Structures are given as C-alpha cells and as structure tokens.
*Asks:* 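After the structure tokens below, expect a handful of questions from me.
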Amino acid sequence: MLIEIKDAAFEPYQRLLDYQVSANFAGKYGATAVFVGSMREFNQGDDVEAMELEHYPGMTEKYLQKISEEAASKWDILDSLIVHRVGEMQPNDPIVLVAVWSAHRAAAFDASRYLMEELKSRAPFWKKESLSDKSRWVDKNT
Amino acid sequence: MLIEIKDAAFEPYQRLLDYQVSANFAGKYGATAVFVGSMREFNQGDDVEAMELEHYPGMTEKYLQKISEEAASKWDILDSLIVHRVGEMQPNDPIVLVAVWSAHRAAAFDASRYLMEELKSRAPFWKKESLSDKSRWVDKNT
Amino acid sequence: MTEAVIKIKFFASLREQVGQADAEVAESHASTVIEAWNSATNNMTMPENTLMAVNMDYVEASHAVKAGDEVAFFPPVTGG
Amino acid sequence: MTEAVIKIKFFASLREQVGQADAEVAESHASTVIEAWNSATNNMTMPENTLMAVNMDYVEASHAVKAGDEVAFFPPVTGG
C-alpha cells in the first residue's frame with residue numbers, strides 16, 4: 001500500500017511497471033484494475049491552457065492512507081497504489097493514478113472505483129484552471 | 001476501437017503507452033480505466049506451472065468487436081482497446097488488457113468492467129493448466 | 001460436391017472428448033445443429049453446458065443448418 | 001505564550017476570499033471551530049459548503065478547539 005504526491009509530471013504506466021517490480025508479488029495476482037485521471041484541454045465549454053493543483057500537505061496523505069486502508073478492509077486485495085500530482089500542469093498531463101491488485105477481478109474493480117470516488121470526495125485537492133483570459137477555481141467535482 | 005490477439009508475451013502498460021501515441025487523442029480524455037488479467041501461479045489450491053490458451057480464430061475477433069461496439073453504444077467513451085493472449089504462457093504473464101478512454105470517469109469505469117464481464121462470458125477462449133503431474137482444462141470462469 | 005457439406009469444429013475439452021478437431025457432415029444428414037452433432041459424433045451424448053455456434057454466432061441446438069455452414073461445439077469459455 | 005493559540009489555515013478559493021493563508025487565534029477567543037473562523041476572519045460570513053478540519057480530520061462547525069490545534073477551512077475538494 002503506497003501513497004505518493006508528485007510535484008512534477010509523472011508517467012503512470014511506467015510508474016506501474018516500476019512498482020510491480022519493487023512489490024515482488026509476481027504470480028500472486030490475477031487482476032489489476034487501474035484508473036488514470038488526466039487533464040483535458042477543455043472544461044465547461046472553455047479551452048483550458050494550464051492548471052494549478054493545490055493541496056493540504058499532511059491531510060492529503062492522511063486521507064489517501066485512510067481510504068487505502070478502508071479499501072483493504074472491505075475487499076480481498078493484495079495491494080494498492082495511489083499517485084497524485086500537485087502544482088502547475090499542462091493539458092494531457094496525468095493527474096492521478098490508482099491501481100489495485102487482487103487474485104480475482106471483482107475485488108480489484110470494486111476497490112479501484114471506491115478509491116477514486118472517495119479520493120474525489122474527501123482528499124483535500126483543489127484545481128484552478130487558466131483560460132486564455134482569466135483563471136478560475138473549479139467549484140465542484142464531476 | 002482496436003482488438004488484438006497475441007500469440008506471444010506482451011507488456012500491457014507498454015502497449016497502452018504506444019496505443020495512446022498512435023491514437024492521437026491527447027487532451028481529449030480525462031479518464032482511462034484499465035484492467036489487466038494475468039496468470040497466477042496457483043489455482044484451486046494447486047501450483048500451476050504453465051497454461052495453454054486455446055481460442056476459436058475468427059469467432060474470437062468477432063465477439064470482441066461486438067462487445068466493444070456494445071460498450072461504445074451504451075456509454076459515452078472515446079475509444080477502447082482489447083488485447084488478449086493465446087498459446088503457451090507462464091505464471092505472471094499478462095493474459096488480457098482492456099482499456100477505455102472517456103471524458104469523465106463513470107463511463108470509463110462502467111465500460112471497462114462491461115468489456116471484461118462480457119469477454120469472460122462470451123469470447124471463445126479456453127484455458128488448460130499444466131500442474132506438476134498432469135494437465136487439466138479450467139472448467140468454469142470465476 | 002464440397003458445397004453439400006456442413007463443416008463441424010470442436011474445441012478444447014470437447015475436442016479431446018470427441019477425438020477430432022474438424023469434421024464434415026453431409027447436408028442430407030443434418031438439418032439442425034443437434035443433428036449435425038449426432039452425425040459428426042456417431043450419436044455421442046452431448047455433455048451438459050456444451051455451447052454451439054453457427055457461422056460464429058451462438059445458437060441453440062434446434063437452430064437450422066445448411067450446406068456451407070460452419071458449426072462449432074465447445075465447452076463454457078474461460079478466457080480473460 | 002505560543003501554546004495558547006489555535007493555528008488557522010485557509011485553502012484555495014477560500015484563502016483568496018479571506019485574503020490570508022494562515023492565522024492564529026488566541027485560545028481565549030474561540031472554543032469551537034465556528035468561533036475560530038469568526039475570530040480569524042473578523043466575522044466574515046462563511047461561504048456555503050465550506051469544509052472544516054481540526055488536526056486534519058473533517059469536523060462540524062460546532063466541534064471544540066483548544067490551544068495547539070490546527071483548524072483548516074476550505075471549499076469543496078476537486079482533485080482526481
């Protein structure tokens with residue numbers, strides 16, 4: 001179970017490959033469910049040129065750890081990984097990576113979705129979008 | 001929308017990276033849901049040393065295409081990719097990769113799970129496991 | 001006349017039980033999928049849960065067959 | 001005495017509206033989260049949907065606070 005906050009761009013699939021090597025559980029899992037959230041170049045009808053992701057250091061890690069532990073207690077999973085970007089980012093940049101490993105697929109599917117929904121509703125991150133003529137805080141999660 | 005049947009080992013996350021470059025939809029999607037099924041080194045209480053995956057060439061592709069089209073009609077997704085291994089494989093080898101791209105996460109989560117459930121129940125693949133002293137057909141999907 | 005036959009395929013454990021991967025049945029010997037099975041297997045009892053396809057679409061045992069069709073029999077699928 | 005204060009933090013749009021990121025409130029001026037808000041913001045009306053945390057756990061406005069606590073106010077979260 002690992003939580004990472006990154007203040008620079010990261011490549012989620014390369015991170016997964018590296019994590020799987022370090023986790024040393026080859027052959028133990030039959031299912032990996034992965035979600036990657038990435039920055040779109042448009043939102044609410046406007047082109048978005050850049051985005052700033054603010055967070056609450058300390059509380060962020062605490063809640064990501066908390067929801068990871070909740071998922072591990074609710075489903076029979078082997079491991080989970082959450083990586084979340086903060087700071088200045090550009091369209092197409094990955095924002096979040098959630099991965100769950102389990103013996104069978106139902107647990108991985110259920111737990112990965114749980115992690116994303118809980119992250120979106122409880123982890124203290126905030127997005128500010130830069131449009132061509134102004135910037136604005138994203139005021140709710142979709 | 002792409003379907004691939006592979007008779008040699010493949011690396012799912014590298015395949016995803018390559019596919020995203022070729023698909024040319026950077027900045028259009030905010031969500032990617034991925035499922036990877038891989039070979040466990042144990043099943044039903046026994047160590048499994050190797051596995052052979054048989055399929056029905058032609059019907060396999062037809063049904064993977066059919067379920068991909070069903071997913072695209074049911075949910076608002078940008079694209080999907082299914083890669084499935086056949087032939088001789090070893091523990092930890094990836095068996096299947098399913099990926100779905102969409103603007104928002106619900107469609108990607110729903111469609112990727114639909115693709116996996118339909119693949120498991122309708123696509124004509126059969127697994128034969130080699131144990132230390134015998135081989136056996138897997139008789140049902142779990 | 002090659003056009004007057006129905007092509008039969010068996011897969012996986014069913015291929016091993018039947019002892020053949022491919023067969024042909026004369027159109028005059030089978031008008032339905034189950035009749036094609038009976039003719040190709042010399043009236044072997046069909047295992048429970050056998051799946052059937054005609055021209056790569058799932059069908060029931062009573063589905064009609066004609067010359068040129070490809071009829072496949074196989075056990076429950078276990079991919080993914 | 002530095003121990004006799006409550007530490008206050010504001011994040012994101014709320015930080016901009018309040019005009020400060022950090023503040024301190026004397027323990028004698030606030031026994032609940034809402035009193036800490038009132039003291040730190042000079043009785044500014046709290047925006048609807050404001051979220052509150054004490055020592056990095058979500059709480060309600062009536063939650064008790066004491067010296068040494070870290071009290072945070074922020075808008076609905078939008079990560080992921």
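Everything numeric in this text was worked out from a predicted model, so none of it was measured. Per chain, numbering begins at 1; letters A, B, ... match sequence-line order.
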*Asks:* Non-hydrogen atoms of chain A under 4.5 Å away: do they reach the side chain of D:Asn49, the backbone, both or neither?
*Replies:* neither
*Asks:* Would you please name every residue forming a ring-ring contact (aromatic ring centres under 6.0 Å, His included) with A:Tyr56, sequence neighbours left out?
*Replies:* D:Phe11
*Asks:* Do the non-hydrogen side-chain atoms of D:Pro75 and A:Trp126 ever get within less than 4.5 Å of each other?
*Replies:* yes
*Asks:* Should we say atom CG of A:Asp7 is surrounded by more than 12 heavy atoms from elsewhere, each under 6.0 Å from it?
*Replies:* no
*Asks:* Tell me, side chain or backbone of A:Lys127 under 4.5 Å from chain D's heavy atoms, or both, or neither?
*Replies:* both
*Asks:* Should the heavy atoms of other residues, nucleotides or ligands under 6.0 Å from NZ of D:Lys7 be counted, would the total exceed 12?
*Replies:* no
*Asks:* Measuring from A:Met59:CE to D:Tyr58:OH, what's the distance to the nearest 0.5 Å?
*Replies:* 4.0 Å
*Asks:* To the nearest 0.5 Å, what is the distance between NZ (A:Lys66) and CE (D:Met56)?
*Replies:* 12.5 Å
*Asks:* Count the heavy atoms of every other residue, nucleotide or ligand shown that sit under 6.0 Å from CG of D:Asp22, and state whether that count exceeds 12.
*Replies:* yes
*Asks:* What distance do A:Arg122 atom CZ and D:Leu51 atom CG have between them, rounded to the nearest 0.5 Å?
*Replies:* 12.0 Å
*Asks:* Is chain D contacted by the side chain of A:Ser38, its backbone, both, or neither, given a heavy-atom distance below 4.5 Å?
*Replies:* neither
*Asks:* Please look at A:Phe35 and chain D and tell me whether the side chain, the backbone, both or neither of the residue comes under 4.5 angstrom of a heavy atom of that chain.
*Replies:* neither
*Asks:* Identify the heavy atoms of A:Pro124 and D:Val77 that sit nearest to each other, and give their distance.
*Replies:* CA-CG1, 3.6 Å
*Asks:* Kindly give the heavy-atom pair with the smallest separation between A:Asp139 and D:Thr78, and that separation in Å.
*Replies:* C-CG2, 4.2 Å
*Asks:* Can you tell which part of A:Lys120 gets under 4.5 Å to a heavy atom of chain D, answering side chain, backbone, both or neither?
*Replies:* both
*Asks:* Between A:Val96, A:Leu119, A:Thr60, A:Val138, which residue shows the highest count of heavy-atom pairs closer than 4.5 Å to chain D?
*Replies:* A:Val138
